[in-house]
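Down below is the structure, laid out as structure tokens.
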Amino acid sequence: MDIEKAGSRREEEEPIVQKPKLDKGKGKAHVFAPPMNYTRIMEKHKQEKVSMPGSKRGVAIFDFVLRLIAAITAMAAAAKMATTEETLPFFTQFLQFSADYTDLPTLSSFVIVNSIVGGYLILSLPFSIVCIIRPLAVPPRLFLILCDTAMMGLTMMAASASAAIVYLAHNGNSSSNWLPVCQQFGDFCQGTSGAVVASFIAATLLMFLVVLSAFALKRST
């Protein structure tokens, strides 16, 4: 009897805690099945990751070849303009007419600019090699595209200004009384014309290098 009374007292003293009833329809995690082409998408994604370094390496190798050709072309343009001169033979040694690139400041600037561009292109070859070794590296590619753009502008500016001078030397200008001197200095005009054409080729190659670098950077992002 005492035990039953003690048990009833404990039940009276202990607070009655009601357990909340959980709704069976709530709190269930819905499991969504993957799409039917999930494996195909993942395989395609893996193939793109594998093929990306290979394609970037191919672009970097092509960049290296174009950079080397552009360097040779720019240096050849500067050397051709610097070594082109002509002296008319029918005057005495005390009175001679000669034509040289130093006679015109535009042609002198042409030699300086193409020499700088050719030197830059040679110095940029190690960066191009780094892009071949590490095709996913962004900093060297970004450095090259910035410098290539600046050098392309300088080359195009020097080639365009020199082309105007060579045009006047070939055809003259009656409004400014500029006589066509290429009738007397034919070899000089031919040499300067070849140098200007080589400079335009170098500028075009630099333009292709900028496009290649932009394409490589776009695939990196």
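Computed from a predicted model, the values in this text were never measured in an experiment. Counting begins at 1 with the first residue of the sequence.
In this structure, the side chains of R141 and V138 stay at 4.5 Å or more apart for every pair of heavy atoms. Between I72 and I69, the closest side-chain pair of non-hydrogen atoms is not below 4.5 Å. With contacts defined as side-chain heavy-atom distances shorter than 4.5 Å, the pair L205/L121 does not qualify. Between F208 and R67, every side-chain heavy-atom pair lies at or beyond the 4.5 Å cut-off. Using a 4.5 Å heavy-atom cutoff, the side chains of S115 and V111 are in contact. A 4.5 Å side-chain heavy-atom check between S124 and M151 finds every atom pair outside the cut-off. Side-chain atoms of V196 and I165, non-hydrogen and from C-beta on, never get closer than 4.5 Å to each other.
V197 and M75 are members of different hydrophobic clusters when ILVMFWY side chains are connected at heavy-atom separations under 4.5 Å. Cluster annotation: V130 is not connected to F64 through the hydrophobic network of ILVMFWY side chains, with a link wherever side-chain heavy atoms come within less than 4.5 Å. Note on L146 and V210: same hydrophobic cluster, where clusters join Ile, Leu, Val, Met, Phe, Trp and Tyr whose side-chain heavy atoms are under 4.5 Å apart, directly or indirectly.
F143 pairs by the ring pair (Phe, Tyr, Trp, His ring centres under 6.0 Å) definition with F127, not counting sequence neighbours.
Panel note: side chain T192, backbone C189; a donor-acceptor pair is recorded below 3.5 Å.
Here Y101 contributes atom OH and S109 contributes atom OG; the two are 11.0 Å apart, rounded to the nearest 0.5 Å.
Evaluated for a side-chain contact (heavy atoms from CB on, under 4.5 Å) with I116, the options V113, N114, I112 yield exactly one hit, I112.
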